[in-house]
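The structure under discussion appears below in the form of structure tokens.
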Amino acid sequence: MTQETTTLTGQSPPPVRDWPALDLDGPEFDPVLADLMREGPLTRVRLPHGEGWAWLATRYDDVKAITNDPRFGRAEVTKRQVTRLAPHFKPRPGSLAFADQPDHNRLRRAVAGAFTVGTAKRLRPGAQEILDGLVDGILAEGPPADLVERVLEPFPITVVSEVMGVPAADRERVHSWTRQIISTSGGAEAAERAKQGLYGWITETVRARADSDGEDVYSLLGAAVGRGEVGETEAVGLAGPLQIGGEAVTHNVGQMLYLLLTRPELMTRMRERPEARGTALDELLRWISHRTSVGLARIALEDVEVHGVRIAAGDPVYVSYLAANRDPDVFPDPARIDLDRDPNPHLAYGNGHHFCTGAVLARMQTELLVDTLLERLPGLRLAVPADRVAWRRKTMIRGPRTLPCTW
């Protein structure tokens with residue numbers, strides 16, 4: 001399909017910029033995204049896979065407006081091979097990520113009870129116990145230890161598996177599937193095999209819990225299917241991304257710890273003012289680049305004007321939460337980490353009805369990880385030079401692959 005565009009003022013549209021998926025060694029901001037932000041509030045990009053080009057919105061106010069505007073929809077994306085980061089694209093019915101209203105609320109309602117503030121409070125003591133057990137293990141063995149392998153990966157996996165209702169015997173293979181799905185290495189075939197494995201397992205699990213009255217996600221979905229509130233294929237498509245979502249906590253906290261371990265002034269501030277860590281965590285969430293390029297596109301369902309540019313019906317549009325979180329009109333001196341920044345209306349968990357379903361759970365885990373590691377490992381420091389920390393390659397979610405530490 002040929003895409004054509006004009007501005008309302010008759011000026012030439014911005015050029016289409018190729019945006020490769022850069023493998024960056026460290027938490028630095030993507031230089032391509034930085035260039036795009038300087039070029040204007042709306043630019044056009046071509047990502048490594050898919051077809052054509054897409055609009056990219058980088059300003060905070062535009063990102064919030066687009067993500068709240070029903071004239072931009074996600075469901076239409078499933079019918080197109082929009083330019084994208086992922087090497088393959090086969091969305092499933094039921095995925096919250098591609099649902100527009102009113103379907104989105106209907107689907108989200110089926111699992112909402114598992115992701116409330118009350119549920120997070122109920123889970124917190126058990127999550128702390130799980131985390132303490134992991135830290136006990138590395139303390140017993142003594143330094144050094146890879147915090148990613150020993151704590152940051154197993155903790156969220158276990159917590160998410162508890163919320164989802166994954167039996168202990170199945171957790172390792174479920175994790176191996178999710179890890180392959182979010183990686184861009186291995187190609188489409190490897191990712192498709194992992195998806196078939198995970199979604200086949202989810203289908204069997206949802207069917208087996210049709211009569212369940214449990215509070216875990218798979219029980220809630222099984223019961224919702226049984227009552228006819230959602231279809232089985234919808235339940236399976238809804239559960240998959242929730243199961244995969246635990247990976248984000250691992251790598252977000254990995255980036256946070258890397259920053260604390262390589263910037264002594266940040267570590268000192270966190271240790272000296274534990275009562276103010278909530279504000280500090282918000283700033284770290286704002287600052288870190290938790291993903292490569294952009295997430296999922298939207299499609300303009302009618303002509304929409306943004307900054308004097310006509311986004312035509314059918315045009316794909318991306319928003320960058322990472323760029324919005326660096327908008328100088330909202331965050332003064334945005335490249336600086338200011339752990340006392342207040343107010344801090346960051347968009348790290350998204351915006352609009354696609355705001356992260358598991359945000360409350362993710363925040364709870366993040367708080368526990370940072371507090372526990374700083375308090376139980378008072379001498380925590382890197383066991384290797386900072387430039388020898390290995391970072392994840394060819395992946396959608398950025399973070400250190402290993403974090404060798406001593407104390």
Side-chain angles (χ1 to χ4, degrees), residues 86 88 90-99 104 107-116 119-120 123 127 130 152-183 190-209 212 214-225 230-253 290-291 295-296 349-350 354-366 395-397 399:
H88 73 293
K90 293 182 179 179
R92 293 172 180 269
S95 172
L96 281 174
F98 295 103
H104 184 276
L107 294 169
R108 191 160 181 158
R109 195 178 303 121
V111 297
F115 296 100
T116 64
T119 300
L123 289 170
I130 292 165
L152 301 187
E153 275 197 342
F155 176 63
I157 293 166
T158 305
V159 173
V160 168
S161 292
E162 291 282 345
V163 174
M164 297 297 293
V166 181
D170 292 335
R171 289 181 182 178
E172 183 50 44
R173 62 175 174 151
V174 167
H175 175 53
S176 68
W177 286 324
T178 63
R179 188 163 40 197
Q180 182 61 59
I181 289 168
I182 68 166
S183 174
E192 184 59 28
R193 283 195 302 271
K195 280 191 173 183
Q196 288 177 357
L198 177 64
Y199 283 96
W201 179 89
I202 291 173
T203 301
E204 294 174 4
T205 302
V206 169
R207 285 176 181 169
R209 299 187 193 182
S212 175
E215 297 179 329
D216 62 87
V217 170
Y218 291 121
S219 294
L220 291 173
L221 286 173
V225 172
V230 299
E232 183 181 90
T233 56
E234 289 181 320
V236 173
L238 197 162
L242 297 176
Q243 184 70 63
I244 295 166
E247 301 279 350
V249 173
T250 295
H251 306 303
N252 280 353
V253 177
H290 73 277
R291 65 164 304 113
L296 301 175
Y349 292 120
H354 286 293
F355 183 83
C356 176
T357 304
V360 171
L361 182 64
R363 180 58 184 251
M364 180 265 284
Q365 295 176 84
T366 300
T395 184
M396 298 175 214
I397 301 178

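Partners of R173 by side chain to side chain donor-acceptor pair (under 3.5 Å), not counting sequence neighbours, listed by chain and number: D170. For T116, the side chain to side chain donor-acceptor pair (under 3.5 Å) partners at least two apart in sequence or on another chain are T119. R363 meets the side chain to side chain donor-acceptor pair (under 3.5 Å) test with D282, E367; sequence neighbours excluded.
Tested against H175, the residues E247, Q243, Q180 include a single side-chain hydrogen bond (donor to acceptor under 3.5 Å, both in side chains) partner, E247.
Of all heavy-atom pairs spanning V225 and G231, the tightest one is CG2-O, 3.9 Å. Taking all atoms of both residues into account, the shortest heavy-atom contact from Y218 to A239 is CE2-CB, 3.6 Å. G214 and L220 make their closest contact through O-CD2, 3.9 Å (heavy atoms, listed as atom of the first residue, atom of the second, distance). When every heavy atom of W201 is checked against every heavy atom of P167, the shortest pair comes out as CZ2-CD, 3.9 Å. Between V159 and A127, the closest heavy-atom pair is CG2-CB, 4.1 Å. A pairwise comparison of heavy atoms in A114 and V163 identifies O-CG1, 3.8 Å as the closest pair.
To the nearest 0.5 angstrom, E234 atom CD is 5.0 Å from L107 atom CG. Atom CG in L242 sits 5.0 Å away from atom CE in M164 (nearest 0.5 Å). Taking CD1 from I157 and OG1 from T178, the interatomic distance works out to 6.5 Å, rounded to the nearest 0.5 Å.
For Q196, the CD atom sits in a packed shell: over 12 heavy atoms of surrounding residues, nucleotides or ligands are nearer than 6.0 Å.
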task = Give the C-alpha distance, both sets of side-chain angles, the deciding distance and a yes or no for side chain to side chain contact (heavy atoms under 4.5 Å, CB included) between F155 and I130.
result = CA-CA 7 Å; F155 176 63; I130 292 165; 4.0 Å; yes
task = Test H251 against R291 for side chain to side chain contact (heavy atoms under 4.5 Å, CB included), laying out the working first.
result = CA-CA 9 Å; H251 306 303; R291 65 164 304 113; over 6 Å; no
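The main-chain N or O of L96 is found under 3.5 Å from a side-chain atom of H354 such that the two form a donor-acceptor pair. Between the T366 side chain and the A362 main chain, a donor and an acceptor come within less than 3.5 Å of each other. At distances below 3.5 Å, not a single donor-acceptor pair connects side-chain atoms of R209 with backbone N or O atoms of D216.
Contact check for W177 versus I244: no side-chain heavy atoms found under the 4.5 Å cut-off. Side-chain contact between L361 and L123 is present, with heavy atoms from C-beta onward closer than 4.5 Å.
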